[in-house]
S.K.: 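Dropping a structure here in structure tokens format, bear with me for questions.
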There are 2 protein chains.
Amino acid sequence: MTHFHEPTDCQSCNQRFTSVFCKAKQQFIAEINEQKVCNVYKKGQTIFNEGSHPFGVYCINEGKVKLSHLGDDGKEQIIRLLRGGDVLGYRALLSGERYSASAIVLEDTQVCFIPKELFISILKNDAGLAFEMMKLLSDELHKAEVKLTHLAQKPIRERLAETLLFIKETYGYESDGVTLNVRLSREEIANLVGTATESTIRLLSEFKKGGMVELEGKKIKILRQKELIRTANLQD
Amino acid sequence: MTHFHEPTDCQSCNQRFTSVFCKAKQQFIAEINEQKVCNVYKKGQTIFNEGSHPFGVYCINEGKVKLSHLGDDGKEQIIRLLRGGDVLGYRALLSGERYSASAIVLEDTQVCFIPKELFISILKNDAGLAFEMMKLLSDELHKAEVKLTHLAQKPIRERLAETLLFIKETYGYESDGVTLNVRLSREEIANLVGTATESTIRLLSEFKKGGMVELEGKKIKILRQKELIRTANLQD
DNA sequence: CATAAAACATGATAAAAATCATGTGGCTGG
DNA sequence: CCAGCCACATGATTTTTATCATGTTTTATG
């Protein structure tokens, strides 16, 4: 079980330079500081559930979270991977709907909760923060559109390679410089790629045979990044 | 060739109650009115191109536009369909990047151009409008995420049915109450569904045989909407 | 109006991916 | 510690989808 220091206030939070909220005016940061509620979730726990009403936004202090939709036939689709400094739950809040995805913790994670009213009122009074939120939304939209195009046009082999690179971008390597710094099941990787679990397992084995990756249980080591990039066939 | 009345000002624009801009403060609407540039594009023309720099946003007064990405292998992926009242080009502007998609006109379309500086300055000074923009972005993000999930999990047959319903939602029917009010090539429909053109043609023929739709060149009539909904296998 | 080009259509085939089946190893809870 | 379950793995098979080939129809153009 991971041990966390509860941050006494937002000024000393280890995400104070990373999160969008650092762009808020000082007075508002103070308000957040007063009203925020900090919480620790253990691996596998749910921060919020698809279909329920949002009461605020969550800011990840430390940890890893997956955001996933349930498809019409009940199959999970992982929409986003989140880390320290990321904000979640704002999408539903802004469009005034229920959550369209569930947030599930991938490893012990500390999260600050900011109540809806405060979040909205700050957004309405702090144009700078509002602008940053728009940027953030724009970036997410862009990523979603690119992913959508790849999902429609690229074979699974390329998408798996791309997904491994994406995981590396998001969570980086462990101190050894090659092991992806997150433990995902093969099924989760499949739900990120958008394919059947068996296909993912099979292709990972192939990647391993080709010497691109090394597999040790849930540990994945990227041995030849360049070859992986080539396999992903990315133009951008 | 369609004939358009150039709107003399935003107050009399036929989209003044539909567009996000109607949520802006009166003073800003007046500013937009002064600085906007109206333009008519003919079918097939490009409003802006993927990869170029944005100089402002576009507001569709009347007409139909497709927004499409080019995949890494050069294949088109249509990511959005737009109509009168819709705004386009804001995504790239907000995240400060080049356009990540091209906007191409599906039929003669009248568009107002609003310069970047004005748009940004209004957003920074009009919290109400900023909030509406955030809502709009949130909605788009939501739609993109749902589409992403369906692309990953649903067979092409269901996706085609869903796409036909989506086209109907966007552009509605002609006065006869059954014909989709837009002319798209089979290839464009395929690029919307995310599949090969031949597959789309084949499935449309099947839908026709089953009596769900009627095909007359590019005219598509929806004869049995309920069955189409069932075919799309939608839970939401 | 003739003609070429593009779009549509459909069958045949090949490739990709999902599903089914079976087995193994590892972890968990009694 | 053992039984049972679950994740991982891999082969066989089936289904789905793309690609290729060819013909027809529509549309655009000189």
Side-chain angles (χ1 to χ4, degrees), chain A residues 1 42-44 71-77 106 150-164 180 182-210 213-221 231 233, chain B residues 1 42-45 71-78 106-107 149-164 180 182-210 213-221 231 233:
Chain A
M1 169 69 210
K42 285 187 207 156
K43 182 178 172 172
D72 291 346
D73 53 352
K75 196 185 170 190
E76 174 187 53
Q77 179 67 34
L106 294 170
H150 290 181
L151 220 31
Q153 299 187 354
K154 283 165 160 273
I156 293 186
R157 184 184 191 76
E158 295 182 16
R159 271 160 39 211
L160 175 60
E162 193 177 352
T163 298
L164 293 176
L180 291 180
V182 66
R183 297 296 125 87
L184 294 169
S185 69
R186 302 290 192 263
E187 190 179 4
E188 285 173 317
I189 297 174
N191 295 343
L192 211 40
V193 174
T195 186
T197 308
E198 294 96 320
S199 301
T200 298
I201 292 173
R202 227 181 288 275
L203 280 170
L204 277 176
S205 299
E206 275 188 38
F207 285 6
K208 181 182 167 183
K209 248 175 234 152
V213 306
E214 198 177 307
L215 306 172
E216 263 181 67
K218 292 203 199 328
K219 280 193 198 173
I220 298 177
K221 298 186 185 186
T231 306
N233 190 25
Chain B
M1 169 68 209
K42 286 188 207 155
K43 182 178 173 173
Q45 284 187 322
D72 290 347
D73 53 352
K75 195 185 171 190
E76 174 187 53
Q77 179 67 33
I78 302 184
L106 295 170
E107 60 178 48
T149 304
H150 289 181
L151 219 31
Q153 301 187 354
K154 285 165 160 272
I156 292 185
R157 182 184 190 77
E158 295 183 17
R159 278 172 19 223
L160 175 61
E162 193 178 351
T163 297
L164 293 177
L180 292 180
V182 66
R183 298 295 126 88
L184 295 169
S185 69
R186 302 291 192 261
E187 189 179 4
E188 283 173 317
I189 296 174
N191 295 343
L192 212 39
V193 174
T195 187
T197 308
E198 293 96 319
S199 302
T200 298
I201 291 173
R202 229 181 287 275
L203 280 169
L204 277 176
S205 298
E206 275 187 39
F207 285 6
K208 180 182 170 184
K209 249 176 231 152
V213 306
E214 198 177 307
L215 306 172
E216 264 182 65
K218 292 200 198 333
K219 280 192 199 175
I220 298 177
K221 298 184 185 189
T231 305
N233 189 26

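Below, read A as the first sequence line, B as the second, and so on, with proteins coming before strands; counting in each chain starts at 1. Both backbone and side-chain heavy atoms feed into the values below; hydrogens, waters and symmetry mates do not. All figures in this text were calculated on a predicted structure; none of them were measured in a lab.
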S.K.: Using heavy atoms and a sub-4.0 Å distance, could you list which residues of residues 153-162 of chain A are near DNA chain C? By number, please.
M.R.: A:P155, A:I156

S.K.: How close do B:L215 and B:L204 get, heavy atom to heavy atom, and via which atoms?
M.R.: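 What the structure gives for the nearest pair is CD1-O, 3.9 Å.
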
S.K.: Could you pull out all residues at least two apart from A:E162 that satisfy side-chain hydrogen bond (donor to acceptor under 3.5 Å, both in side chains)?
M.R.: A:H150

S.K.: For B:T195, which residues count as a side-chain contact (heavy atoms from CB on, under 4.5 Å) partner, sequence neighbours excluded?
M.R.: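 Partners of B:T195 under the side-chain contact (heavy atoms from CB on, under 4.5 Å) test: B:I156, B:A190, B:V193, B:S199, B:T200.
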
S.K.: Looking at CD of B:E187 and CD1 of B:I78, how far apart are the two atoms once the value is rounded to the nearest 0.5 Å?
M.R.: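 Output value for this atom pair is 9.0 Å.
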
S.K.: Please enumerate all residues that pass side-chain hydrogen bond (donor to acceptor under 3.5 Å, both in side chains) together with B:R202, with sequence neighbours excluded.
M.R.: none

S.K.: Between B:L204 and A:R202, just flag the one whose closest nucleotide in DNA chain C comes earlier from the 5' side.
M.R.: B:L204

S.K.: Might you work through the side-chain contact (heavy atoms from CB on, under 4.5 Å) test for B:I201 and B:I189, ending with a clear yes or no?
M.R.: CA-CA 9 Å; B:I201 291 173; B:I189 296 174; over 6 Å; no

S.K.: Nearest whole Å is fine: how far is D:dC8 C1' from A:K208 NZ?
M.R.: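 The answer, rounded to whole Å, is 11 Å.
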
S.K.: How long is the span from the CZ atom in B:F207 to the CG atom in B:L164, to the nearest 0.5 Å?
M.R.: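 Going from the CZ atom of B:F207 to the CG atom of B:L164 covers 6.5 Å.
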
S.K.: The criterion is side-chain contact (heavy atoms from CB on, under 4.5 Å); which residues satisfy it with A:K43, sequence neighbours excluded?
M.R.: A:D108

S.K.: Any idea which heavy atoms bring B:Q77 and B:G194 closest together, and the distance?
M.R.: OE1-CA, 3.9 Å

S.K.: Just the endpoints, please: which first and last nucleotides of DNA chain C, 5' to 3', lie under 4.0 Å from a heavy atom of chain B?
M.R.: C:dA7 to C:dA12

S.K.: Let's see if you get this right: which residues in residues 190-201 of chain B place a heavy atom under 4.0 Å from DNA chain D?
M.R.: B:T195, B:A196, B:E198, B:S199

S.K.: With a 4.0 Å cut-off, would you call B:R183 and B:E107 a salt bridge?
M.R.: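 No, B:R183 and B:E107 are not salt-bridged.
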
S.K.: Set out, line by line, the N/O atom pairs under 3.5 Å between protein and nucleotides 23-30 of chain D.
M.R.:
none

S.K.: Got a second to check how far B:R159's CZ is from B:N233's CG, nearest 0.5 Å?
M.R.: 13.0 Å

S.K.: Going by the rule side-chain contact (heavy atoms from CB on, under 4.5 Å), which residues pair with A:K75 if we only count those two or more places apart in sequence or in a different chain?
M.R.: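 By the side-chain contact (heavy atoms from CB on, under 4.5 Å) rule, A:K75 matches A:D73, A:N191, B:Q153.
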
S.K.: Between atom CD of B:Q45 and atom CG of B:L106, what is the distance when rounded to the nearest 0.5 Å?
M.R.: 12.5 Å

S.K.: Kindly write out the residues that satisfy side-chain hydrogen bond (donor to acceptor under 3.5 Å, both in side chains) with A:R186, not counting sequence neighbours, or none if the list is empty.
M.R.: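 For A:R186, no residue satisfies side-chain hydrogen bond (donor to acceptor under 3.5 Å, both in side chains) once neighbours in sequence are set aside.
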
S.K.: If you fit an axis to the five pairs at each end of the helix from C:dC1-D:dG30 to C:dG30-D:dC1, how big is the angle between those two axes, to 10 degrees?
M.R.: 50°

S.K.: Can you tell me how far P of D:dC8 sits from CZ of A:R183, to the nearest Å?
M.R.: 12 Å

S.K.: What residues form a side-chain hydrogen bond (donor to acceptor under 3.5 Å, both in side chains) with B:E214, not counting sequence neighbours?
M.R.: none

